[in-house]
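Naming: A, B, ... by sequence-line order, numbering from 1 per chain.
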Amino acid sequence: MPVHNSDIAEKLNHLADLLEIEGQNAFRVRAYQNAARMIAELPKDLAALLSEGADLDELPGIGPSIAEKVKELVNTGHLNALETLESKLPGHLADLLEVPNLGAKRVKLLHETLGINNLDDLNRAVKAHQLRKLPGFGPKMEEKLALALTKFTGEERRLRLDVAEKTADALTTYLKETPGVNEIVVAGSYRRRKETVGDLDILVTCRPNSPVMEQFIHYDQVQQIVMQGPTRTTVILKNGLQVDVRVVPQKSYGAALLYFTGSKPHNIALRTTATRQGYKINEYGVFQGETQVAGKTEADIYQLLGYPYIEPELRENRGELEAALQDRLPRLITQDCIQGDLHAHTKASDGRNTIEEMAQAALAKGYEYLAITDHTQHTRVANGLDEKRYRKHLADIERVNDRMKGITILKSAEVDILEDGSLDLPDAILKQMDVVICSVHSHFNLSNAKQTDRVLRALDHPCVNIFCHPTGRLLNKREPYDIDLEKIMRRALQNGCYLELNAQPARLDLADTFCRMAKDLGLKLVISTDAHKVSDLDYMRFGIAQARRGWLEASNVINTRPLKEFRKLLKR
DNA sequence: GCCGTTTTCGGCCCGACTGTTTTCAGTCG
């Protein structure tokens with residue numbers, strides 16, 4: 001069975017957990033966690049890199065020891081070091097680390113004194129009041145753990161960005177009503193525009209004695225107060241989302257914003273640099289001795305340390321600090337660069353609005369063009385069009401196009417790629433389209449080789465221009481299908497076609513790391529909303545955010561081009 | 001275990017809050 005990066009990352013994380021419980025050096029533990037994170041984010045399979053003879057310890061965070069372990073995993077499917085450790089510590093012990101307020105030290109103590117090996121054991125011990133006798137535990141901790149265990153599912157809960165946005169908007173509006181509040185900003189992965197967020201980090205500056213924390217804990221959506229102090233309060237909302245509010249003085253605003261925006265690895269890297277330069281960074285500012293030398297704005301801090309401003313979407317410690325020093329930071333794409341949307345449905349298949357309504361909405365956005373891309377016959381659930389209906393639909397598009405001023409409607413369809421890689425409409429019809437986009441909507445479970453070949457065959461069809469939502473994933477709902485995207489990208493490049501970054505917040509497909517892979521390969525992308533109604537055209541901003549996370553510039557995205565140039569780029 | 005424009009050895013971000021303490025360890029972000 002092939003070993004994927006996610007499997008390797010999971011094993012390394014498990015190894016890190018057990019080493020931590022065993023009481024190993026914390027930095028050694030972190031080395032495994034760092035490597036696991038880097039590997040999980042890598043767009044290319046390590047197994048493939050190894051078979052090409054690549055030197056793994058050239059990857060950041062991987063040295064000789066971890067490189068050896070990855071090799072072992074890829075070649076044998078086993079990891080001796082992990083298995084040895086599992087023979088000493090029960091395999092499910094690491095599950096306990098996921099329980100709030102339990103870290104390595106406490107888990108070790110529970111295991112050694114009460115023989116607790118898993119969540120069930122912990123449940124029993126809590127109910128039997130055995131914990132309060134242990135050193136470092138007491139009645140309060142026992143109570144907290146009991147409460148945590150009733151809700152604990154073991155699954156990490158991350159909210160889609162668009163869902164989190166609604167929660168954040170309502171809460172910040174409410175907090176702004178507090179007397180004395182100056183600035184409120186949602187930082188964290190939300191500000192970095194990650195596709196999902198685990199919690200909300202809200203930063204507040206206010207006059208002294210502003211009752212903002214009181215206001216916060218009395219928000220009607222608060223279910224539980226996790227902790228409460230003068231500068232930091234954490235609650236869980238009724239929808240399960242954790243929210244942290246931090247209050248800092250105005251002179252620390254930039255430092256606090258930088259700190260709470262993260263990411264953690266970006267901050268650690270930045271602080272390490274600061275230390276080398278004789279400074280200390282914390283959330284209150286940059287300090288030389290006792291003196292604050294920067295901190296009012298983020299830009300001041302970057303500048304002091306010798307960096308240009310780094311956009312939040314880039315702060316993942318994926319090379320942005322090095323690029324900044326060498327003046328190689330991308331000029332990230334912005335929404336006003338977009339000249340047209342290349343993926344939109346109408347009532348003809350599963351959309352809610354007419355061709356004209358969609359075109360009017362696109363015109364109102366200032367677009368020069370809009371492709372109408374209804375489904376084809378094979379996607380029956382979406383009322384896909386067969387040849388006969390499609391011919392009539394083409395005529396409808398032409399009629400509306402003749403009537404409309406100020407925008408060009410492009411004749412198109414989201415053509416199904418069938419299981420064998422053939423297309424769902426005859427060539428004679430495809431040839432009449434201005435642009436042909438195609439997608440996988442069935443047979444998600446093919447092997448990597450078959451799925452890849454299927455799409456390669458579609459890309460080899462001379463009429464095809466764009467391959468849509470290339471991995472088929474639905475965030476929190478459906479895993480991506482197994483496909484070799486690097487091969488797909490190389491073929492697209494070779495054939496003069498493109499991949500879509502689908503801006504639907506439930507898809508955001510391509511992922512940021514694949515956007516960057518495309519850029520590195522020299523393949524341009526299209527950012528499209530896949531709108532099924534007029535208001536969905538607003539999803540463009542999620543696509544733009546994802547593109548920015550993938551280091552894309554306007555020049556990497558073909559629907560930033562005016563129509564005339566765009567048409568030229570479609571020629572294969 | 002990883003890493004290097006002070007280093008191939010000796011570092012590795014830094015602070016808030018809680019509970020159990022009698023001055024602090026553990027957890028978390």
Side-chain angles (χ1 to χ4, degrees), chain A residues 12 15-16 19-21 23-38 56-70 81 96-110 131-145 148 187-190 197-203 213 225-236 242-248 252 255-256 258-287 301 305-306 317 322 325-326:
Chain A
L12 293 180
L15 184 57
L19 286 171
E20 193 183 10
I21 294 170
Q24 286 279 348
N25 181 315
F27 297 106
R28 191 178 165 210
V29 171
R30 204 169 78 191
Y32 280 107
Q33 291 166 338
N34 285 342
R37 174 182 183 270
M38 194 279 300
L56 294 190
D57 59 15
E58 282 178 12
L59 292 167
I62 294 193
S65 170
I66 295 182
E68 210 40 57
K69 289 188 172 68
V70 170
L96 300 179
L97 292 174
E98 303 300 317
V99 179
N101 296 307
L102 285 190
K105 300 267 170 58
R106 286 178 184 150
V107 169
K108 186 171 194 233
L109 186 71
L110 290 172
L131 266 54
R132 60 177 66 184
K133 301 164 202 147
L134 298 179
F137 286 82
K140 285 236 167 119
M141 183 59 68
E142 195 175 86
E143 210 174 295
K144 273 191 175 181
L145 289 173
S189 52
Y190 180 92
V197 302
D199 60 9
L200 292 178
D201 300 297
I202 300 181
L203 180 65
M213 288 306 195
I225 298 169
V226 179
M227 70 169 152
Q228 189 186 359
T231 68
R232 174 176 176 179
T233 296
T234 301
V235 308
I236 310 244
Q242 177 170 315
V243 185
D244 289 345
V245 168
R246 295 289 303 250
V247 176
V248 299
S252 299
L258 185 69
Y259 173 57
F260 293 115
T261 298
S263 66
K264 190 172 163 182
H266 178 89
N267 284 346
I268 289 176
L270 202 60
R271 284 180 185 202
T272 305
T273 306
T275 307
R276 278 202 210 100
Q277 297 181 20
Y279 300 114
K280 187 181 76 166
I281 306 186
N282 56 31
E283 55 263 56
Y284 299 109
V286 183
F287 295 87
I301 298 170
L305 299 175
N317 199 28
E322 295 79 356
L325 283 182
Q326 297 162 12

Inset, instruction - Please check the phosphate of B:dG15 (OP1 and OP2 only) for any side-chain N or O of A:N282 closer than 4.0 Å. - result: yes
Legend entry - Separation between the P atoms of B:dT21 and B:dG26, rounded to whole Å: 12 Å
Inset, instruction - Determine the interatomic distance between C1' on B:dG11 and the same-named atom on B:dT7; round to the nearest Å. - result: 9 Å
Legend entry - Nearest-Å distance once atom P is located in both B:dC17 and B:dT22: 23 Å
Inset, instruction - May I have the distance from A:I268 (atom CD1) to B:dC13 (atom C1'), rounded to whole angstrom? - result: 6 Å
Legend entry - Distance below 4.0 Å between A:K264 side-chain N/O and B:dG29 OP1 or OP2: no
Legend entry - Closest approach of A:R232 to A:M213 (non-hydrogen atoms, all atoms of both residues): N-CE, 3.6 Å
Legend entry - Along DNA chain B (nearest heavy atom to each residue), the more 5'-positioned of A:D199 and A:A269: A:A269
Inset, instruction - Look at A:R232 and B:dA16 and indicate whether a side-chain polar atom (N or O) is within less than 4.0 Å of OP1 or OP2. - result: no
Inset, instruction - Determine: side-chain N/O of A:S65 to OP1/OP2 of B:dG1, distance under 4.0 Å, yes or no. - result: yes
Inset, instruction - Please name all residues satisfying side chain to side chain contact (heavy atoms under 4.5 Å, CB included) with A:I225, sequence neighbours left out, ordered by chain then number. - result: A:I217, A:V222, A:Q228, A:V235
Legend entry - Separation of atom CD in A:E322 from atom C1' in B:dT5, rounded to whole Å: 14 Å
Legend entry - Pairwise distance CG(A:L145) to CG(A:L102) - rounded to 0.5 angstrom: 5.0 Å
Legend entry - Minimum-distance nucleotide to A:Y284 side chain [options: B:dC2, B:dA16, B:dT7]: B:dA16
Inset, instruction - For the side chain of A:T231, starting at C-beta, report the closest nucleotide among B:dC14, B:dC17, B:dG29. - result: B:dC17
Legend entry - Between B:dG10 and B:dG15 - P atom distance, rounded Å: 26 Å
Legend entry - B:dC13 versus B:dG29 - spacing of their C1' atoms, nearest Å: 12 Å
Inset, instruction - Just compare B:dT27, B:dC13, B:dA16 and give me whichever is closest to any side-chain atom of A:K105. - result: B:dT27
Legend entry - Side-chain N or O of A:R246 closer than 4.0 Å to phosphate OP1/OP2 of B:dG29: no
Inset, instruction - Please determine, for the side chain of A:K140, which listed nucleotide (B:dG15, B:dT20, B:dG29) has the closest atom? - result: B:dT20
Inset, instruction - Could you check A:V107 against A:I281 and say which one's nearest nucleotide on DNA chain B is further toward the 5' end? - result: A:I281
Inset, instruction - Rounded off to whole Å, could you give me the CZ-to-C1' distance for the A:F137 and B:dT21 pair? - result: 15 Å
Inset, instruction - Look at the side chain of A:R271 and decide which nucleotide, out of B:dG1, B:dC14, B:dG26, has an atom nearest to it. - result: B:dC14
Inset, instruction - State which of B:dC17, B:dC13, B:dG15 makes the closest approach to the side chain of A:F27. - result: B:dC13
Inset, instruction - Using a cut-off of strictly less than 4.0 Å, decide whether A:Q277 has a side-chain nitrogen or oxygen near OP1 or OP2 of B:dT5. - result: no
Legend entry - Separation of atom CG in A:L270 from atom P in B:dC14, rounded to whole Å: 11 Å
Inset, instruction - May I ask you to evaluate whether A:Y259 reaches the phosphate of B:dA16, defined as a side-chain N or O under 4.0 Å from OP1 or OP2? - result: no
Inset, instruction - For the pair A:E142 (side chain) and A:R132 (backbone), establish whether a donor and an acceptor sit closer than 3.5 Å, ignoring hydrogens and angles. - result: yes
Legend entry - Integer-rounded Å distance: B:dA25 P and A:M141 CE: 15 Å
Inset, instruction - Look at A:T234 and B:dC17 and indicate whether a side-chain polar atom (N or O) is within less than 4.0 Å of OP1 or OP2. - result: no
Legend entry - Atom-to-atom span, CE of A:M227 to C1' of B:dT20 - whole angstrom: 17 Å
Inset, instruction - Could you check how far OH of A:Y279 sits from P of B:dC14, rounded to whole Å? - result: 15 Å
Legend entry - Shortest non-hydrogen contact between A:Y284 and A:A255, atoms and distance: C-CB, 3.7 Å
Inset, instruction - Kindly say if A:K144 contacts the phosphate of B:dG19, meaning a side-chain N or O under 4.0 Å from OP1 or OP2. - result: yes
Inset, instruction - Could you check whether A:P135 gets within reach of a base, just the sugar-phosphate, or nothing at all, counting any heavy atom under 4.0 Å? - result: nothing
Legend entry - Nearest atoms (heavy-atom pairs only) where A:I21 meets A:K108: O-CD, 3.0 Å
Inset, instruction - Sticking with atom C1', work out how far B:dT8 lies from B:dC12, rounded to a whole angstrom. - result: 16 Å
Legend entry - Sugar-phosphate, base or nothing in reach of A:V248, heavy atoms under 4.0 Å: nothing
Legend entry - Sugar-phosphate only, base, or nothing, as touched by A:P265 at under 4.0 Å among non-hydrogen atoms: nothing
Inset, instruction - Would you mind reading off the distance between A:N34 atom CG and B:dC13 atom P, rounded to a whole angstrom? - result: 10 Å
Legend entry - Watson-Crick or G-U wobble partner of B:dC14, both distances under 3.5 Å: B:dG29
Inset, instruction - Mind checking A:A26 for me? I need base, sugar-phosphate or nothing, with any heavy atom below 4.0 Å counting as a touch. - result: nothing
Inset, instruction - Using the C1' atom as the reference point in each nucleotide, state the distance between B:dT18 and B:dT23 in Å, no decimals. - result: 15 Å
Inset, instruction - Give a yes or no on whether A:Q277 atom CD has more than 12 heavy-atom contacts from other residues, nucleotides or ligands under 6.0 Å away. - result: yes
Legend entry - Sidechain-backbone polar pair: A:N267 side chain, A:Y259 backbone, donor-acceptor under 3.5 Å: yes
